[in-house]
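Here's the structure we're looking at; comments come further down.
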Number of protein chains: 2
Amino acid sequence: MNIRDLKYLLAIKETGSFSRAAKQCYVSQPTLSGQVKKLEESLGVRIFERSSKQIIITAVGEQIIASAMKVIAEVERIDALADAAIDPLSGRFRLGAFPTLATYLFPGIVMPINTCMPDLKLILVEEKTQSLIDKLKSGQIDAALLALPVVDEQFKIKVLFDDYFRLAVKTDHKLANKSEIGQTSLLSKDLLLLEEGHCLRDQALEICSLMGANEEQDFRATSLETLRLMVKAGTGITLMPEIAMGLNKDRDEDGIRYIPFKEPRPKRTIGLVWRKTLIKTAVIDELIKILTHK
Amino acid sequence: MNIRDLKYLLAIKETGSFSRAAKQCYVSQPTLSGQVKKLEESLGVRIFERSSKQIIITAVGEQIIASAMKVIAEVERIDALADAAIDPLSGRFRLGAFPTLATYLFPGIVMPINTCMPDLKLILVEEKTQSLIDKLKSGQIDAALLALPVVDEQFKIKVLFDDYFRLAVKTDHKLANKSEIGQTSLLSKDLLLLEEGHCLRDQALEICSLMGANEEQDFRATSLETLRLMVKAGTGITLMPEIAMGLNKDRDEDGIRYIPFKEPRPKRTIGLVWRKTLIKTAVIDELIKILTHK
DNA sequence: GGTGACAATAGGTTTTATCTATACGAAGGA
DNA sequence: TCCTTCGTATAGATAAAACCTATTGTCACC
C-alpha cells in the first residue's frame, strides 16, 4: 500500500470519476486506474463499482476511504511538524477574532507581530464567535480571540485580559452627568443592541437582564460603530467595551460620554483559544506575550 | 513520503539501530539508511542523530515518529477492514472473561461458537477484570465478558444476563435448613472470600457491607473451586454465583447447600464489552445471540 | 595502531510507477 | 441500427525508485 494510492481514492470519491481524479492528481487516467486496481487486488476487496455512467463506492470502500482520510491527515501533520521544526515562527498563521473585538484589537497587533515574527504570514479573520469555533475545530483557522468562557475538550485556552463595559450616552442625555452607573439604570427602552449572533449582544442582555423587554425592539445594528453613531445622534444609549473607546478613556469624545459602572463592573474576559493538536505553539507563545503586554 | 519509510522509522526507534531495524524490516542496512536519509531530506529535518555508539532521536523525530505510529495503525486498520469485508466471521477473535465467570461459561460456548462461525479462530483469555479492560483498550483482546457497570467512552456494551448469588453452606451448617436467606445473616466471621483483584470479591464485600470486619481475615482463595472445597470441608460459608453451581440448581451437590437470597436477590450483571472502533462487529452480533440464548 | 561495530557511499539490478496509444463498453442521437 | 461520445481498462515502452552487494568511512575500545 502507498500513501499516493490513498490520495487517489480520496480524489475519486471527491470527483466521482477516475478521469477527473487523475487530472486532480496530475497523473494519467490509466496510471490512476491501474494503481487503484492493484490496491483493490492487494486488499482483496472492491472499493468502487465502475460503470461508464457513474462510480459507486462500496460499503467497504467507504470505510477504507474514511481511514485513508485519517492517514492522509496524519501524513500532512508530519509535514507540518517538520516545517514547524525548521522555523517555528514562519509560515501561514490564521488568527480569528469576533467583530466587536477584532475591529479595535487587530490594528494594534499587526505591527508588533510583524516585528516579532517577520517570517510569519499572518491572516486575520473577523467572524462571529460560533463561526470562529467551527473554523478552529475544522482547522480553517489556527487560533482565535474569544470571550470566555469557552469550554471544549479539544481546545487549549489562555486568559489574556478583561475588557470592561461602559455605558455610552450622548453628552446631553439625562444620565450623562452621572460619574458612575448602577446596572438597574439600564432598564430603559432606548438601549441599542447588535444583531443576533454577536457575543456582545448576549453579554449586554445578560448584564441588563432585559431578555423580555428587548424582544420588541426591531432595530439590530450590525456593528459597534453604527451603534456609536446612533448614540451620537441621540437615538439611544448602548454598552461599549473599553477597547472600543479609543485612547482617551476618561474624556468625552465625539459628543459621547462613556460612563463606568459601579462595582462589580461588568466585563468580558478575552482569551486566546487554539486546538490542543496545533503544531505551531511557538507562535501562540509569542501572541500571548504581545496580547498581554498591551 | 512512503508508508514503508514510516515503518523504517518505527523499527529504528524500536531497535535503536539502523542495522537491527533493517533486519527487522527484511531489507539491507544500506537500503534502510538510504530511505531514511531521503525522507529526512524531503522533510528538511534530521530525525535521528547517528553515531557508531547509539542512535538518538531528535525532538522533531519523536513527534514525527508519534505521527508515523498513527499512520501505520490506520493503515493496518484498512487491511483489517478489507479482511473483515471478505468474510466477517473469519480470522482470529480474542474473547476475554474474568476467572469466576470464565471457568463456568467458556466450556459451554466453545461448541456453539464453532458451529456458528466455523472459520473463526477463537482465543479465550481468562484474566481479572482490570487486566481485561487494559487489554481491551490496547487491542490485545477484541471483546470481554465483564460484570457491569463498566463505564468507558471508548467501549460499547451489551447487557447479556443476570447471574444471581446464593449462599453456599455445608449441609450440616446452622444456616443449612433455611429456604431463603437475608443479607444480614452474612455478618458472620466464617465468610470465605477470594483474593484481591477478583470482582466477585468486591461484589461479595459490597453485598455484605463487611468491609471492616473482613480485613483481618488472612486467607484469600485464588479460585472459586478452592472456596467450594473449603465450604465442603466445613471451613466456612461463601457466596456462589448460580453459574458456578452446575446444572442442578435446586438440589444439593457435594454436600453443599446453595441457599437463595430474599428479594432483592443480590446478583452480578454480565455484559459483553468491546471497543467502539472494533471492526469485526459481525462476530459480536453472533456472540450476543449465543450468550443470550443460554 | 589494530580491531570490531555500525552507518554511509558506490554501482549495478530489479521492481514499480508512469506515460502514450489503443481497445472496450455503455448511453444517447441520427 | 449505426455512429459518436464519454469513461474505464489494457498493452507496451520508458522513467523512476527501491533494492542488493561490495566497499569505504568513522568512532570507540583494546
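Hydrogens, waters and symmetry mates are skipped; everything else that's a heavy atom, side chains included, is used. Below, chains carry the letters A, B, ... as their sequence lines are ordered, and counting in each starts from 1. Only a predicted model underlies this, so the values are computations on that prediction, with no experimental measurement involved.
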Just how far, in rounded Å, is [atom2] of [N] from [atom1] of [X]?
X: B:Arg20; N: C:dC6; atom1: CZ; atom2: P; result: 6 Å
X: A:Glu49; N: D:dG7; atom1: CD; atom2: P; result: 19 Å
X: B:Asp5; N: D:dA17; atom1: CG; atom2: C1'; result: 11 Å
X: B:Ile55; N: C:dA8; atom1: CD1; atom2: C1'; result: 12 Å
X: A:Leu39; N: C:dT16; atom1: CG; atom2: C1'; result: 15 Å
X: B:Gln35; N: C:dA7; atom1: CD; atom2: C1'; result: 15 Å
X: B:Leu6; N: D:dA18; atom1: CG; atom2: P; result: 12 Å
X: B:Lys38; N: D:dA17; atom1: NZ; atom2: P; result: 6 Å

#### Entry: For B:Gln130, all residues meeting side-chain hydrogen bond (donor to acceptor under 3.5 Å, both in side chains), sequence neighbours excluded
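B:Gln130: side-chain hydrogen bond (donor to acceptor under 3.5 Å, both in side chains) contacts with B:Asp134.
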Could you tell me whether the side chains of [X] and [Y] share a donor-acceptor contact shorter than 3.5 Å?
X: A:Gln24; Y: A:Thr15; result: no
X: A:Glu225; Y: A:Ser223; result: no
X: A:Gln29; Y: A:Ser33; result: yes

### Query
Does A:Arg50 place a side-chain N or O at less than 4.0 Å from the phosphate oxygens OP1/OP2 of D:dG7?
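False: A:Arg50 side-chain N/O out of range (4.0 Å or more) of D:dG7 OP1/OP2.
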### Query
Which nucleotide, D:dC19, C:dT18, D:dT21, lies nearest any side-chain atom of B:Ser28?
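Minimum distance to the B:Ser28 side chain belongs to D:dT21.
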### Message
Counting only side-chain heavy atoms from C-beta out, which of D:dT8, D:dC19, C:dC19 sits nearest to B:Arg4?
### Response
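Nearest to the side-chain atoms of B:Arg4, counting from C-beta on, is D:dC19.
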### Message
Categorize A:Ile12 for me: base, sugar-phosphate, or nothing, with a 4.0 angstrom heavy-atom threshold over every strand shown.
### Response
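Counting heavy atoms under 4.0 Å across all strands, no contact is made by A:Ile12.
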### Query
At under 4.0 Å between heavy atoms, what does A:Tyr8 touch on the DNA or RNA strands: base, sugar-phosphate, or nothing?
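Since only primed, P, OP1 and OP2 atoms lie under 4.0 Å of A:Tyr8, the category is sugar-phosphate.
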#### Entry: salt_bridge(B:Lys137, B:Asp152) N-O dist < 4.0 Å
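Counted as a salt bridge, because a side-chain N and a carboxylate O are separated by less than 4.0 Å.
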### Message
Does this structure show an ion pair linking B:Glu62 with B:Lys13, if we count only N-O contacts that are shorter than 4.0 Å?
### Response
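Looking at B:Glu62 and B:Lys13, the cut-off is met.
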### Message
Under the rule for salt bridge (Lys or Arg N to Asp or Glu O under 4.0 Å), what residues qualify as partners of A:Arg46, not counting sequence neighbours?
### Response
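In terms of salt bridge (Lys or Arg N to Asp or Glu O under 4.0 Å), with neighbours along the sequence ignored, A:Arg46 is linked to A:Glu40.
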### Message
Quick check: on DNA chain D, is the nucleotide nearest B:Tyr26 upstream (toward 5') of the one nearest A:Phe18, or the reverse? Name the residue that is more 5'.
### Response
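Nearer the 5' end of the strand: A:Phe18.
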Can you tabulate the close N/O pairs, meaning under 3.5 Å, that link protein atoms to atoms of nucleotides 10-16 of chain D?
residue, atom, partner, partner atom, Å
D:dT10, OP2, A:Lys37, NZ, 2.8

